[in-house]
2 protein chains.
Amino acid sequence: MTAETQGRPMRADARRNYEKLVAVATESFLAHGPDASLDDIAKRAGVGPGTLYRHFPNREALLDAVCVRWADSVAADAAPLLEAADPTAALNDWLVRLVDHVSAFKGLASALLLSTDRKHDTAWVLHHTSEELVERAKAAGGIRADVTTSELMQLTSGISYACGHSKQAGKPTSTPERLIGLIMDGVRTR
Amino acid sequence: MTAETQGRPMRADARRNYEKLVAVATESFLAHGPDASLDDIAKRAGVGPGTLYRHFPNREALLDAVCVRWADSVAADAAPLLEAADPTAALNDWLVRLVDHVSAFKGLASALLLSTDRKHDTAWVLHHTSEELVERAKAAGGIRADVTTSELMQLTSGISYACGHSKQAGKPTSTPERLIGLIMDGVRTR
DNA sequence: CAACAATACGGAGACTGTCTCCGCTTAGCA
DNA sequence: TGCTAAGCGGAGACAGTCTCCGTATTGTTG
């Protein structure tokens, strides 16, 4: 579900433009936040606005495409953690990284942690990765069995949001590590 | 710091328009979210855009004015909790209410929980109220002494955000009670 | 109560961004 | 080499933000 929703493959020029758009959009969103001008992105990518809007009917769609790629790279980051000796510590670690990644991505991605369906989409990758880590921690008896992955995702995404915003408001803010720590304290078996 | 930053009082017509604008803006923001058209708000309030922009130089300013009133009413809600027999339960209760209020306010207010300065502003009222409840709970030995009010505000605002978003994404979502519960579990003395 | 500042009003319009429509171009196939 | 479906891109309609400035209103002072 990248672009051609099945059917014949994209024409070469179309694919080229598609890739260029996603690349430029990534830059632009990072530089100017999720409100970056779409016409501007089109211009930088060397295509007309019409082309952009054919590939991505609205801002959301483009944002999604950008985030999907991003999510893949983030999820890849988790691979070593899946084999860590202490699964609970690994989960903690992962959640902190997740917050960092999401923050680095300005908040483009914060909404993503929240949905659990959308088969192939961004959220799925992250949710799935998290789930594995959660299961391992539960199996090892490190965290309470009644806590769900979704709940942790909600809390984590909330923390990203909160850290991002209070940081940009210039306020001294507790670190993600600290806040995740508090949550883990509530979730750990005793 | 409502409108006249000291100096002579506002002229009668100016005050009238100011009030009307805040009232209409509240409705509009609730109805259409924080992106409601400002020109439209002006029109509904029966004034020209120029008038709106003189009173509120930008969207943020108007949003602030709306939120200040809202925060006062929310804070008033906490009065009984300040004398509750079990301060820890009272804190829990308050945090849940806070999330509910913020969610009801669409997310207009979620950013507000985060700043701790801004003397008179919205955030202050809420932060201050929370602080009292936190102090009482600490004094009663119900929660850890190392946890700060800011931290709880960050987590709470995060939860509002997360609940608001996953709800509107149509996903089955854990209740605010549950999530606040998890946090309280991490924060309670054992 | 008249007249005059000071204050406030409001709408025209400049500007920016979103998104669509459609005539033209190009890739890919026979 | 030529045809056709797929794709392109820019002109422009529309909506929202915000400013500028001539006009109207308030409240004060003689």
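Keep in mind that what you see is a predicted model, and the values were worked out from it rather than measured. Chain letters run A, B, ... following the sequence lines, proteins first and then strands; every chain starts at 1.
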Asker: Send over the distance from Arg15(A) CZ to dC8(D) C1', rounded to a whole Å.
Answerer: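 From Arg15(A) CZ to dC8(D) C1': 17 Å.
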Asker: Please tell me which of Arg54(A) and Asp35(A) maps to the more 5' nucleotide of DNA chain C, matching each residue to the nucleotide holding its nearest heavy atom.
Answerer: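 Upstream on the strand: Asp35(A).
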Asker: Between Arg97(B) and Asp93(B), does any side-chain N to carboxylate O distance fall below 4.0 Å?
Answerer: yes
Asker: Has Arg11(B) got a side-chain N or O lying under 4.0 Å from the OP1 or OP2 atom of dA6(C)?
Answerer: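 For Arg11(B), the contact criterion (side-chain N or O under 4.0 Å from OP1 or OP2 of dA6(C)) is not met.
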Asker: So, is Ser37(B) near the phosphate of dA15(D), with a side-chain N or O under 4.0 Å from OP1 or OP2?
Answerer: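 For dA15(D), OP1/OP2 do not have a side-chain N/O of Ser37(B) under 4.0 Å.
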Asker: Please report the distance, rounded to the nearest Å, between CG in Leu52(A) and P in dC8(D).
Answerer: 11 Å
Asker: Taking atom C1' of dA11(D) as reference, at what distance in whole Å does atom CG of Asp39(A) sit?
Answerer: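 Rounded to the whole Å, the gap is 12 Å.
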Asker: If I take atom CZ in residue Arg59(A) and atom P in nucleotide dA15(D), what distance separates them, rounded to the nearest angstrom?
Answerer: 18 Å
Asker: Under 4.0 Å between any heavy atoms, over every strand shown, what does Asp13(A) touch: base, sugar-phosphate, or nothing? Just pick one.
Answerer: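 Since only primed, P, OP1 and OP2 atoms lie under 4.0 Å of Asp13(A), the category is sugar-phosphate.
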Asker: Quick one: do Arg178(A) and Asp146(B) make a salt bridge, cutoff under 4.0 Å?
Answerer: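 Salt bridge flag = yes for Asp146(B) with Arg178(A).
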Asker: Give a yes/no answer on whether the side chain of Asn17(A) brings an N or O atom under 4.0 Å of OP1 or OP2 in dC8(D).
Answerer: yes
Asker: When you measure from the side chain of Thr129(A) to the backbone N and O of Ala75(A), does any donor-acceptor pair fall under 3.5 Å?
Answerer: no
Asker: Round to a whole Å and report the spacing from CZ of Arg16(B) to C1' of dT25(D).
Answerer: 10 Å
Asker: Please state how far atom OH in Tyr53(A) lies from atom P in dG10(D), giving the value in whole angstrom units.
Answerer: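 Answer to the nearest Å: 15 Å.
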Asker: Check this one for me: any side-chain N or O of Thr51(B) less than 4.0 Å away from OP1 or OP2 of dA8(C)?
Answerer: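 False: Thr51(B) side-chain N/O out of range (4.0 Å or more) of dA8(C) OP1/OP2.
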Asker: Of Arg11(A), Arg16(A), Arg15(A), which is the lone residue that meets side-chain hydrogen bond (donor to acceptor under 3.5 Å, both in side chains) with Asp13(A)?
Answerer: Arg11(A)
Asker: What is the separation between atom OH on Tyr18(B) and atom C1' on dC9(C), rounded to the nearest whole Å?
Answerer: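 Value for this atom pair: 18 Å.
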Asker: Of the listed nucleotides (dG7(D), dG11(C), dT20(C)), which one gets closest to any side-chain atom of Pro49(B)?
Answerer: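 So the side chain of Pro49(B) is nearest to dG11(C).
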Asker: From CZ of Phe29(B) over to C1' of dG16(D), roughly how many Å is that when rounded to an integer?
Answerer: 13 Å
Asker: Please determine whether any donor N or O and acceptor N or O are separated by less than 3.5 Å between the side chain of Asn58(A) and the base of dC19(C).
Answerer: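 Check fails, no donor-acceptor contact within cut-off.
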Asker: Check this one for me: any side-chain N or O of His55(A) less than 4.0 Å away from OP1 or OP2 of dG7(D)?
Answerer: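 Negative; the distance criterion is not met.
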Asker: With side chains defined as the heavy atoms from C-beta onward, is the minimum distance between Trp94(A) and Val74(A) less than 4.5 Å?
Answerer: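 The answer is yes; the side chains approach within 4.5 Å.
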